[in-house]
Undergrad: 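Here it is: the structure, laid out below.
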Amino acid sequence: MKGFQLARDVVIKHKIQAITDMKQSLLLLDHMKKFGTVTSFRFSRDPLTKERTGMAFVSYLHSDDAKEALSSRRQIVNGLRAPLNNIEVSVHIRQPTTK
């Protein structure tokens with residue numbers, strides 16, 4: 001049996017109209033980098049329309065980094081226009097892959 005691994009992944013809920021270009025995407029990424037080393041950052045997209053869904057996924061190198069990011073569920077991203085700068089952070093539990 002494999003050992004238990006602490007969560008290193010978080011999901012961010014954001015207002016779709018808040019993140020519309022690369023500059024705004026980088027503001028969100030920079031905000032999440034405050035908590036630790038980011039190994040993966042991606043936006044969720046609708047498979048049909050390819051439009052963003054209002055969710056982004058961040059993976060950290062260490063579980064303590066994710067824990068720090070999760071220490072405040074509601075956060076404000078500096079540089080984004082209020083009230084669109086409010087985000088909600090929660091743990092992302094990956095589904096086990098089947099082989």
Side-chain angles (χ1 to χ4, degrees):
M1 185 168 143
K2 292 184 179 179
F4 177 76
Q5 184 176 1
L6 296 173
R8 294 181 304 176
D9 305 312
V10 299
V11 62
I12 305 165
K13 294 180 185 174
H14 63 88
K15 305 275 191 291
I16 294 173
Q17 58 273 48
I19 313 290
T20 58
D21 62 24
M22 182 60 75
K23 180 180 176 185
Q24 294 164 333
S25 298
L26 291 174
L27 287 171
L28 181 57
L29 175 58
D30 287 344
H31 176 79
M32 299 312 292
K33 283 182 175 180
K34 292 189 310 187
F35 303 107
T37 304
V38 173
T39 60
S40 174
F41 177 77
R42 70 179 180 84
F43 289 95
S44 174
R45 294 187 178 272
D46 181 284
L48 297 176
T49 66
K50 306 299 183 208
E51 296 292 321
R52 291 185 180 169
T53 63
M55 292 174 56
F57 299 91
V58 179
S59 295
Y60 287 98
L61 184 60
H62 303 287
S63 59
D64 287 344
D65 299 341
K67 185 177 178 181
E68 180 70 23
L70 292 164
S71 66
S72 180
R73 184 177 171 102
R74 298 194 188 282
Q75 302 176 21
I76 295 176
V77 179
N78 292 328
L80 292 180
R81 196 176 78 237
L84 304 177
N85 59 348
N86 294 298
I87 62 171
E88 184 177 321
V89 180
S90 58
V91 69
H92 177 240
I93 305 201
R94 292 181 184 227
Q95 298 298 319
T97 55
T98 56
K99 293 185 179 181

Undergrad: Are the side chains of Leu28 and Phe43 in touch, meaning some heavy atoms are under 4.5 Å apart?
TA: yes
Undergrad: Same cluster or not: Ile12 versus Leu29, using hydrophobic residues (I, L, V, M, F, W, Y) connected whenever any side-chain heavy atoms lie under 4.5 Å apart?
TA: yes
Undergrad: Run the side chain to side chain donor-acceptor pair (under 3.5 Å) test on Asp46 and Thr53 for me, step by step, so that the C-alpha distance in whole Å, both residues' side-chain angles and the decisive distance to 0.1 Å come before the verdict.
TA: CA-CA 6 Å; Asp46 181 284; Thr53 63; over 6 Å; no
Undergrad: With side chains defined as the heavy atoms from C-beta onward, is the minimum distance between Asp65 and Arg8 less than 4.5 Å?
TA: no
Undergrad: For the CG atom of Asp9 and the OG atom of Ser90, what is their distance to the nearest 0.5 Å?
TA: 11.5 Å
Undergrad: Hey, quick one: are Met22 and Ile16 part of the same hydrophobic cluster, counting side-chain heavy atoms closer than 4.5 Å, chains of contacts allowed?
TA: no
Undergrad: Working to the nearest 0.5 angstrom, can you tell me the gap between Arg74 CZ and Lys13 NZ?
TA: 9.0 Å
Undergrad: Under 6.0 Å from the CZ atom of Arg45, do we count more than 12 heavy atoms belonging to anything else shown?
TA: yes
Undergrad: Using side-chain heavy atoms (C-beta onward) and a distance below 4.5 Å, is Tyr60 in contact with Met32?
TA: yes
Undergrad: Has Thr39 got a side-chain atom pairing as donor or acceptor with Ser59's backbone, closer than 3.5 angstrom?
TA: yes
Undergrad: Would a hydrophobic clustering, with Ile, Leu, Val, Met, Phe, Trp and Tyr connected at side-chain separations under 4.5 Å, put Ile19 with Val11?
TA: no
Undergrad: How long is the gap from NZ on Lys34 to CD on Glu68, to the nearest 0.5 Å?
TA: 10.0 Å
Undergrad: With rounding to the nearest 0.5 angstrom, report the CD to CZ distance, Gln17 to Arg52.
TA: 12.5 Å
Undergrad: Flag the pair Val77 / Asp30 as yes when at least one side-chain heavy-atom distance between them is below 4.5 Å, and no otherwise.
TA: no
Undergrad: Just wondering, do Gln24 and Asp21 contact through their side chains at under 4.5 Å, heavy atoms?
TA: yes
Undergrad: Identify the two heavy atoms, one from Ala56 and one from His14, that lie closest to each other, and give their separation to 0.1 Å.
TA: N-CD2, 4.2 Å
Undergrad: Below 4.5 Å, heavy atoms only, C-beta onward: do Phe57 and Ser44 meet side chain to side chain?
TA: yes
Undergrad: So if you build clusters from Ile, Leu, Val, Met, Phe, Trp, Tyr with side-chain heavy-atom gaps below 4.5 Å, do Val89 and Leu84 land together?
TA: no
Undergrad: Quick one: do Ile87 and Ile76 end up in the same hydrophobic cluster if we chain Ile, Leu, Val, Met, Phe, Trp and Tyr together by side-chain heavy atoms under 4.5 Å apart?
TA: no
